Amino acid sequence: MEHLFQELLQHYFHGPVSSIETVPFGMTNDSRIVVMNQKKYVARIYNRHTKNEERLRFEVGLTAYLESCCLSFDVPCFVSSKDDAKYVVLSDGSLGSLTWFIEGEVPDLSSMSDVLSYGRTVGEISYALQQFESDSVDVAYPAIAFHDFYNLHSLANQTKINEFLVCPPFEIDAEQIAVLQGYYECGFNRAPELNVLPKQMVHHDILVFNLLIDPQSREMSGVLDFDFAARDIRIWELSICLNHLLQHEDQTLTKVELFLDEYRKNMRLTRAEIDWIPYTMQLYYVSLLSIYIGQHLAGRNIASYFQLMLKQLMIRKEWMERNQHEFVETLYSKCL
């Protein structure tokens, strides 16, 4: 892999870089932090199962559009190579790119101020992505139905997922497998109902790991990782973020209310969308598990990730059984 990064950097710089370091993130792609001429960049080599040239061209166009929106935070814009290209094709057929490094630290969702900044950022970028629908950027819009479990990874079709669940390659609780199989069946049957909800461009992964916040002002400085950005039903964005928030603290709805107070400044939802959110919050984990199964089939060790997400699904299921009425009433009061 290191020789591919050296090959990638030769497309951008004359001579050796000052430093290149591994990063503690990124299961989908391989990334390195690069320093050259006292400037920092992120070098990335993409997973060929999840990123082709059409998807990468879309990401280049989308981030350029967002940069033009004068948002209160930055997005990782692509650096031009020596040939004035925004990405390169490497000798093994992989795609690689260089983006500007954005300074900041991971937000702390135990902090009320960071929760407010999180809600404000999700509302702001959701509104900008909504406007992207009518923008004249000359790129094809990819569509991902995140509830279409059998089409989220090129290797994880319905047959392969069923085979994985029937005969798991590592230890998984049998009762949890049975619950998960029920979600697959129910989600597949209810997909037509979800498909009629309002759609827009969705990031699909605005978690703290893909956010940077200024340590002094506690305002968001960057939103990262547009790998899964695509046209989808718009409640996926909020569903994913609310799950993430509740993973940090779910004994009260105080932080949910703070988040929604900021989110609503830019975004409002319909009653039908709100009614579906408790269910899509649970389906989110099923979607991630489908992607992990695909990554397993591609040769990655996904055991710990899979078990963690399956546990989170069980936690969210039980939480909704106890709190769904109060939770939905809160969504009505904030998002209509």
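Quick caveat: nothing in here was measured; it's all calculated off a predicted structure. Just so you know, these numbers use all the heavy atoms, side chains as well, and skip hydrogens, waters and symmetry mates.
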Give the intermediate values and the outcome of side chain to side chain donor-acceptor pair (under 3.5 Å) for residues Asp83 and Ser81.
-> CA-CA 5 Å; Asp83 295 329; Ser81 70; 5.0 Å; no
Give the C-alpha distance, both sets of side-chain angles, the deciding distance and a yes or no for side chain to side chain contact (heavy atoms under 4.5 Å, CB included) between Arg271 and Ile274.
-> CA-CA 5 Å; Arg271 184 171 289 270; Ile274 290 172; 5.7 Å; no
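- Contact check for Leu194 versus Leu283: side-chain heavy atoms found under the 4.5 Å cut-off.
- Considering CG of Leu331 and CG of Leu269, their distance stands at 8.0 Å, rounded to 0.5 Å.
- Ring geometry, His203 versus Phe226: the interplanar angle exceeds 60°, so the pair is classed perpendicular (tilted spans 30 to 60°).
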Does the pair Arg234 and Glu273 meet the rule for a salt bridge (Lys or Arg N to Asp or Glu O under 4.0 Å), with working shown?
-> CA-CA 9 Å; Arg234 66 179 176 183; Glu273 288 177 291; 2.6 Å; yes
Arg32 and Glu2: CA distance, side-chain angles, deciding distance, salt bridge (Lys or Arg N to Asp or Glu O under 4.0 Å) verdict = CA-CA 10 Å; Arg32 302 287 186 273; Glu2 297 311 313; 2.4 Å; yes
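- A donor and an acceptor atom, one from each side chain of Glu124 and Ser72, are located under 3.5 Å apart.
- Heavy atoms of other residues, nucleotides or ligands lying less than 6.0 angstrom from CG of Asn37 number 12 at most.
- Taking the six-membered ring for Trp and thresholds of 30 and 60 degrees, Tyr184 and Phe149 have ring planes more than 60 degrees apart, a perpendicular arrangement.
- With hydrogens and angles disregarded, no donor-acceptor distance shorter than 3.5 Å links the side chain of Lys39 to the backbone of Val34.
- Residues Gln200 and Gln131 form no side-chain contact, since every pair of their non-hydrogen atoms from C-beta on lies 4.5 Å or further apart.
- With no hydrogens or angles considered, a side-chain donor-acceptor pair links Lys86 and Ser80 at under 3.5 Å.
- Judged as a side chain to side chain donor-acceptor pair (under 3.5 Å), and not counting sequence neighbours, Asp173 has no contacts.
- Atom CD of Glu185 has 12 or fewer neighbouring heavy atoms from other residues, nucleotides or ligands inside a 6.0 Å radius.
- In this structure, the side chains of Met220 and Pro107 come closer than 4.5 Å at one or more pairs of heavy atoms.
- Atoms CG and NZ, on Asp114 and Lys255 in that order, are 9.5 Å from each other to the nearest 0.5 Å.
- Under a 4.5 Å side-chain heavy-atom cut-off, the cluster of Ile, Leu, Val, Met, Phe, Trp and Tyr residues that includes Ile102 is completed by Leu212, Leu224.
- The salt bridge (Lys or Arg N to Asp or Glu O under 4.0 Å) check on Asp214 picks up nothing, with sequence neighbours excluded.
- When atom types are taken as modelled, the side chain of Glu237 and the backbone of Ile240 share no donor-acceptor pair closer than 3.5 angstrom.
- The local environment of CD in Glu67 is sparse, with at most 12 non-hydrogen atoms from other residues, nucleotides or ligands closer than 6.0 Å.
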Would you list the atom pairs, donor with acceptor, under 3.5 Å between side chains in residues 157-164 and any protein atom, with sequence neighbours excluded?
from: Asn157; atom 1: OD1; to: Thr159; atom 2: N; distance (Å): 3.2
from: Asn157; atom 1: OD1; to: Lys160; atom 2: N; distance (Å): 2.8
from: Asn162; atom 1: ND2; to: Gln158; atom 2: O; distance (Å): 3.3

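- Between Arg55 and Glu59, no side-chain nitrogen of the basic residue sits less than 4.0 Å from a carboxylate oxygen of the acidic one, so the salt-bridge criterion is not met.
- Once rounded to the nearest 0.5 Å, the distance linking CG of Leu66 with SG of Cys77 reads 8.0 Å.
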Show your working on side chain to side chain contact (heavy atoms under 4.5 Å, CB included) between Tyr292 and Arg300 and close with a plain yes or no.
-> CA-CA 9 Å; Tyr292 286 144; Arg300 288 185 179 260; over 6 Å; no
Going through the distances and angles, do Ser239 and Tyr279 end up as a side chain to side chain contact (heavy atoms under 4.5 Å, CB included)?
-> CA-CA 9 Å; Ser239 299; Tyr279 187 59; over 6 Å; no
Report all side-chain donor-acceptor pairs from residues 175-182 shorter than 3.5 Å, counting only partners two or more places apart or in another chain.
none

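- Under a hydrophobic clustering in which Ile, Leu, Val, Met, Phe, Trp and Tyr are joined whenever their side-chain heavy atoms come within less than 4.5 Å, directly or via other members, Ile315 and Val286 fall into different clusters.
- Under the rule for a ring-ring contact (aromatic ring centres under 6.0 Å, His included), Tyr284 has no partner lying at least two apart in sequence or in another chain.
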Would you check, one step at a time, whether the test side chain to side chain contact (heavy atoms under 4.5 Å, CB included) holds for Ile213 with Glu105?
-> CA-CA 5 Å; Ile213 199 165; Glu105 63 184 32; 3.8 Å; yes
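- The existence of a salt bridge linking Asp261 and Lys334 is confirmed by a sub-4.0 Å separation between a basic side-chain nitrogen and an acidic carboxylate oxygen.
- Taking 4.5 Å as the limit, some side-chain heavy atom of Phe306 sits within range of a side-chain heavy atom of Ile293.
- Every side chain to side chain contact (heavy atoms under 4.5 Å, CB included) that Leu116 has, sequence neighbours left out, goes to Arg120, Leu258, Glu262.
- Listed for the Asn210 side chain is no donor-acceptor partner under 3.5 Å among the backbone atoms of Ile206.
- Annotation: Lys311, atom NZ; neighbour count of heavy atoms from other residues, nucleotides and ligands within 6.0 Å does not exceed 12.
- Within the 3.5 Å criterion, the main-chain N or O of Gly187 finds no donor-acceptor partner in the side chain of His147.
- A side-chain N or O of Asp108 and one of Ser110 form a donor-acceptor pair less than 3.5 Å apart.
- Under a 3.5 Å cut-off, the side chain of Gln307 and the backbone N or O of Glu171 do form a donor-acceptor pair.
- The side chain to side chain donor-acceptor pair (under 3.5 Å) test applied to Tyr183 returns Gln282, not counting sequence neighbours.
- Counting only residues at least two apart or on different chains, the ring-ring contact (aromatic ring centres under 6.0 Å, His included) pairs with a member in residues 73-116 are Tyr41-Trp100.
- Within the structure, every pair that satisfies the ring-ring contact (aromatic ring centres under 6.0 Å, His included) test and touches residues 315-336, not counting sequence neighbours, is listed here: Trp319-Phe327.
- For the 3.5 Å distance criterion, the side chains of Ser117 and Arg218 fail to qualify, holding no donor opposite an acceptor.
- Under the salt bridge (Lys or Arg N to Asp or Glu O under 4.0 Å) criterion, Arg264 pairs with no residue, sequence neighbours left out.
- The aromatic rings of Phe228 and Phe146 lie perpendicular to each other, with more than 60° between the two planes, well past the 30° mark.
- Between the CG atom in Leu288 and the CD atom in Gln312 there is a gap of 10.5 Å [rounded to 0.5 Å].
- At least one test fails for Arg316 against the ring of Tyr285: distance under 6.0 Å to the centre or angle within 45° of the axis.
- Applying the ring-ring contact (aromatic ring centres under 6.0 Å, His included) rule to Tyr118 yields the partners Phe259; only residues at least two apart in sequence or on another chain are considered.
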